[in-house]
Novice: 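I am attaching a structure below and will ask some questions about it afterwards.
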Amino acid sequence: MDMRAAPARRPVSISWRWWLALLPLVALAHEAHELAHTVTGRLACGSWALRDFGSWSITGCASLLPTAGGPVLSYLLMAIGIAGCMRGGGHRAWALAMIAAANPLARIITAVSGHGDEWLVVHRLIGADTGAIGYVLTLAIVALPAGTAMLVPWRSTAGLRARAASYMALMLIAMAITGPGVLLGNHFLRAGVWDQTVAGAPWLVHAVTAAALLGVLLTVRGLRAFGLDGPRARPLATGP
């Protein structure tokens, strides 16, 4: 009988090129979320929602679309990432990047704290005094897509060296970038740096969005694979 050892693969680390490419994608996903608020305000109510780097507002608009636009876009990015992870193979690298950039953990934390776009939508739908029902409903709305978007990456990181650390980095990286970025960007706006508003956003916001888009275009090839710098997979033993 021909006995052959089953091929095994050594664990690989996520390439630094992949992490580098993820940074502008995170920034672009954040800006796209906020842009969805302003654009849907324009489409639904005829006026741009006004925004800075982390908040937005619109007056004289009864539609829920400007509020729902941001999270709907984020959940769409998560769904695309989940679908890519489920397909597996070469899709895993860019799919995990899409999920990480959509920031599912932040959506859950915000909902648990009783804040966020989803809470505002529920508040408008069921009345001012939402109470416990509104809180539970908001958590349910957020938990299904965002919770799934957190569970799928754990399965998809199988075979990575330092799997737990890599997974935690994936879930935290968007908050680590956007949190300080929002504070810094708004600091410059308060100082009057490019604070003139065009299409609902200051020029500085548009500049950052354009820079994030350019960064994604320049680094997108780095999102296609994980182990560019890790050891090549090879059989541990072969038969005659």
Novice: Applying side chain to side chain contact (heavy atoms under 4.5 Å, CB included) between Glu31 and each of Leu213, Val205, Val26, Thr178, report the one that passes.
Specialist: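 Exactly one pass, corresponding to Val205.
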Novice: Strictly distance-based, threshold 3.5 Å: is any side-chain N or O of Asp195 a donor or acceptor partner for the main-chain N or O of Pro202?
Specialist: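 Looks like no, no N/O pair under 3.5 Å.
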Novice: Are the side chain of Thr38 and the backbone N or O of Leu35 linked by a donor-acceptor pair below 3.5 Å?
Specialist: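 Checked: pair present.
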Novice: I need the Trp48 CH2 to Ile58 CD1 distance, nearest 0.5 Å.
Specialist: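 If we round to the nearest 0.5 Å, Trp48:CH2 and Ile58:CD1 are 10.5 Å apart.
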Novice: Looking at Arg163, I want to see if its CZ is surrounded by more than 12 non-hydrogen atoms of other residues, nucleotides or ligands under 6.0 Å.
Specialist: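 Yes.
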Novice: Say whether Val72 and Ile82 are linked into one hydrophobic cluster, either directly or through other cluster members, by side-chain heavy-atom distances under 4.5 angstrom.
Specialist: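 Different clusters: Val72 never reaches Ile82 through Ile, Leu, Val, Met, Phe, Trp or Tyr contacts under 4.5 Å.
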Novice: What's the separation between atom NE2 in His187 and atom CG in Asp52, rounded to the nearest 0.5 Å?
Specialist: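 Output value for this atom pair is 14.0 Å.
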Novice: Does CE belonging to Met86 count more than 12 external heavy atoms closer than 6.0 Å?
Specialist: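 Counting neighbours around CE of Met86, 12 or fewer heavy atoms of other residues, nucleotides or ligands fall under 6.0 Å, so no.
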Novice: To the closest 0.5 Å, what do you measure between OH (Tyr167) and CZ (Arg155)?
Specialist: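 With rounding to 0.5 Å, OH (Tyr167) is 14.0 Å from CZ (Arg155).
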Novice: His206 side chain to Ala201 main-chain N or O, any donor-acceptor pair under 3.5 Å?
Specialist: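 Between the backbone of Ala201 and the side chain of His206 there is a qualifying donor-acceptor contact (under 3.5 Å).
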Novice: Hey, what do you get for CG (Leu125) to CD1 (Ile141), rounding to the nearest 0.5 Å?
Specialist: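 Result: 7.5 Å between the selected atoms.
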Novice: More than 12 heavy atoms of other residues, nucleotides or ligands under 6.0 Å from CH2 of Trp203: yes or no?
Specialist: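 Atom CH2 in Trp203 is not crowded, with 12 or fewer foreign heavy atoms closer than 6.0 Å.
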Novice: For Ser113, does its backbone N or O pair with a side-chain atom of Tyr135 as donor and acceptor, under 3.5 Å?
Specialist: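 Judged by distance alone, no pair lies under 3.5 Å.
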Novice: First locate atom CG of Leu22, then atom CH2 of Trp16, and finally report the distance between them rounded to the nearest 0.5 Å.
Specialist: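 The distance works out to 14.0 Å.
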Novice: Which class fits the ring pair Trp56 and His37: parallel under 30°, tilted 30 to 60°, perpendicular over 60°?
Specialist: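 Correct class here is parallel.
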Novice: In Å and rounded to the nearest 0.5 Å, what is the CG to CZ distance from Leu64 to Arg124?
Specialist: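 CZ of Arg124 is found 4.5 Å from CG of Leu64.
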